[in-house]
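Everything on this sheet refers to the single structure shown next.
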Amino acid sequence: IPAEQLEATTAEFRRVPNLFEILSYDYWHDNYGYELPARVRDRKAAYLSSPAGRAHVLAVVRNKLKASGRTEEVIAAMGEEGQLDAASGFFGGGHDVVIARRHFTDGATDNTQLAGSGTLSPEEHHRFQSFTAESVVALFDLNRYARYVAVFQNWLRPAGASFDHLHKQLVAIDERGVQHEQQMERLRGNPNIYNEYGPNYASYRNLVLAENEHAIAFAGFGHRYPTIEIYSKSEACDPWNHTDDELRAISDLVHAMHAATGVNVPCNEEWHYRPIDADLPMPWRVMLKWRTSTIAGFEGATKIYLNTIDPYALRDRLVPTLFALRDERKIANMQIATECPCRPNSLRYRTNRS
């Protein structure tokens, strides 16, 4: 939409470019010859054609250049056209942010009443998740050199957030990453590994937290931080190929786990899914990692990581809260703990290789 209409509506969520990209437009341009697609160039030209749009972009570019250490003299020497050339990443970059309307909960009376994922309604959270899945596809469509789009949410400063506001980040990268490479190697040896070392293992040890028709959540194991794992049971390996019911199912469990965690616990939400160039099926899963401890010299020196909340303690802390939240109808209806069917091999990712 043009700059003149930015305040015409109150958006619940908006996708905007990150001011300081992890991989910048210049990175893609210099290494791959990436240029803005024609449709994006047209959108940039249209936005800049209005006085308000041009002033908006120039103001943001100048603030970014100043924050990067450029002096007023250097910025002025670039001229307006040079400054606008530096704005390409705002229209066709590879690092976007999905931001929520609220900074505080509606009706908040002090600045401790932050609006987080768990304070949204289940319907609002579903729209947040769905919009994020759509945005992943948009980044792949924008840049044919992207091999993966990392999706994550940093909540509170100890978890890496620059300020305490609900937002998800999406970063297009040109490699799968070490973790995916290692998982694919193990997956070739055991195609059922995600079932066996995910929901099956959790079920046998009474670590399942909640379950619904299309998703399952359990207290995770083998992590550096206390972690809640939420797996999609869908045959589809990619979030954007899930049906609306499947998207809603995993959103409901992620929302419930955030609500049970509470807004005062710093945490990272990480999305893991099959890279677009992978030849093996993988389930979509979301990890919520509580950043309740600080890695220090002992861990760095020994690579032995201390975790003060074990999976059973995590389960015991969350399950009563989940029951209470369900009774209060603050989360969607779901099966909790011993109510869950916990059927073996509930993840169906292997049945559909598309």
Side-chain angles (χ1 to χ4, degrees), residues 129 148 150-152 176-239 241-242 246-247 249-258 260-261 267-275 278-290 305 307 309-316 318-319 322 334-353:
Q129 294 282 97
Y148 195 72
V151 182
F152 57 95
R176 294 171 178 165
V178 173
Q179 182 169 251
H180 272 120
E181 298 292 353
Q182 292 175 341
Q183 289 186 17
M184 289 178 67
E185 183 177 346
R186 294 180 181 180
L187 189 59
R188 288 189 175 92
N190 179 5
N192 199 41
I193 192 170
Y194 289 108
N195 269 310
E196 292 183 11
Y197 296 103
N200 289 7
Y201 186 92
S203 298
Y204 301 150
R205 285 155 181 80
N206 295 320
L207 291 173
V208 173
L209 301 170
E211 189 172 1
N212 58 29
E213 183 179 1
H214 299 296
I216 185 169
F218 54 88
F221 30 84
H223 299 281
R224 296 182 184 180
Y225 300 98
T227 300
I228 306 165
E229 304 189 27
I230 303 99
Y231 274 68
S232 169
K233 299 179 188 176
S234 172
E235 295 179 6
C237 295
D238 308 315
N241 286 330
H242 280 50
E246 290 170 340
L247 278 171
I250 195 166
S251 173
D252 283 346
L253 291 192
V254 172
H255 171 257
M257 298 307 140
H258 274 297
T261 297
C267 63
N268 300 116
E269 177 184 316
E270 304 169 356
W271 288 22
H272 300 264
Y273 60 92
R274 179 179 63 175
D279 61 343
L280 298 170
M282 295 179 175
W284 175 30
R285 58 257 183 231
V286 178
M287 308 289 174
L288 301 186
K289 296 183 178 179
W290 292 8
Y305 295 92
N307 194 331
I309 303 176
D310 65 58
Y312 297 97
L314 185 64
R315 175 202 61 192
D316 294 343
L318 288 169
V319 167
L322 289 170
M334 61 189 66
Q335 296 158 305
I336 298 172
T338 54
E339 300 173 346
C340 300
C342 296
R343 294 187 178 90
N345 297 332
S346 61
L347 309 183
R348 303 190 302 274
Y349 66 98
R350 294 179 60 197
T351 63
N352 185 355
R353 296 179 178 269

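Just the heavy atoms: all of them, side chains too, but no hydrogens, waters or symmetry mates, feed the values below.
Partners of H255 under the side chain to side chain donor-acceptor pair (under 3.5 Å) rule, at least two apart in sequence or in another chain, do not exist in this structure. Every residue meeting the salt bridge (Lys or Arg N to Asp or Glu O under 4.0 Å) condition with E339, not counting sequence neighbours, appears here in chain and number order: R326. Not a single salt bridge (Lys or Arg N to Asp or Glu O under 4.0 Å) links E246 to another residue, sequence neighbours left out. R315 is linked by a salt bridge (Lys or Arg N to Asp or Glu O under 4.0 Å) to nothing, counting only residues two or more places apart in sequence or in another chain. When the side chain to side chain donor-acceptor pair (under 3.5 Å) test is applied to E196, the partners found at least two apart in sequence or on another chain are N190.
The minimum heavy-atom distance linking C342 with V208 is given by the pair SG-CG2, 3.7 Å. Taking every heavy atom of both residues into account, I216 and L347 meet most closely at CG2-CD2, 4.4 Å. The shortest non-hydrogen separation linking K289 to Y225 is CB-CB, 4.4 Å. Between S346 and K233, the shortest heavy-atom distance links the atoms O-CB, 3.6 Å. Contact detail for L322 and A256: the closest heavy-atom pair is CD2-O, 3.7 Å.
Proximity of the aromatic rings of Y231 and F218 is defined here by a centroid distance below 6.0 angstrom, and this criterion is met.
Annotation: side chain of Y349 is in contact with side chain of N192 (closest heavy-atom distance under 4.5 Å). Under the 4.5 Å side-chain criterion, counting only non-hydrogen atoms from C-beta, C267 is in contact with H258. The side-chain heavy atoms of I250 and S232, taken from C-beta on, include a pair separated by under 4.5 Å. For the pair R274/L280, no side-chain contact is recorded, criterion being any heavy-atom separation below 4.5 Å from C-beta on. Y312 is listed as a side-chain neighbour of L207, based on a closest heavy-atom distance under 4.5 Å. For the pair M184/D279, a side-chain contact is recorded, criterion being any heavy-atom separation below 4.5 Å from C-beta on.
For Q335 (side chain) and P341 (main-chain N/O), no donor-acceptor pair under 3.5 Å exists by modelled atom type. Judged purely by atom type and a 3.5 angstrom limit, N200 has no side-chain atom pairing as donor or acceptor with the backbone of P344. Using a distance-only test at 3.5 Å, with no hydrogens or angles considered, no donor-acceptor pair links the side chain of S251 to the main chain of L247. H272 places no side-chain N or O within donor-acceptor distance of the main-chain N or O of P283, the cut-off being under 3.5 Å. Listed for the D310 side chain is a donor-acceptor partner under 3.5 Å among the backbone atoms of A313.
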Next item on the list: Could you walk me through whether Y194 and R285 pass the side chain to side chain contact (heavy atoms under 4.5 Å, CB included) test, one step at a time?
Entry: CA-CA 10 Å; Y194 289 108; R285 58 257 183 231; 3.4 Å; yes
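For residues 214-224, the side-chain hydrogen bond (donor to acceptor under 3.5 Å, both in side chains) pairs, not counting sequence neighbours, are H223-E229, R224-Y305.
A donor-acceptor pair shorter than 3.5 Å can be found between the side chains of W290 and T261.
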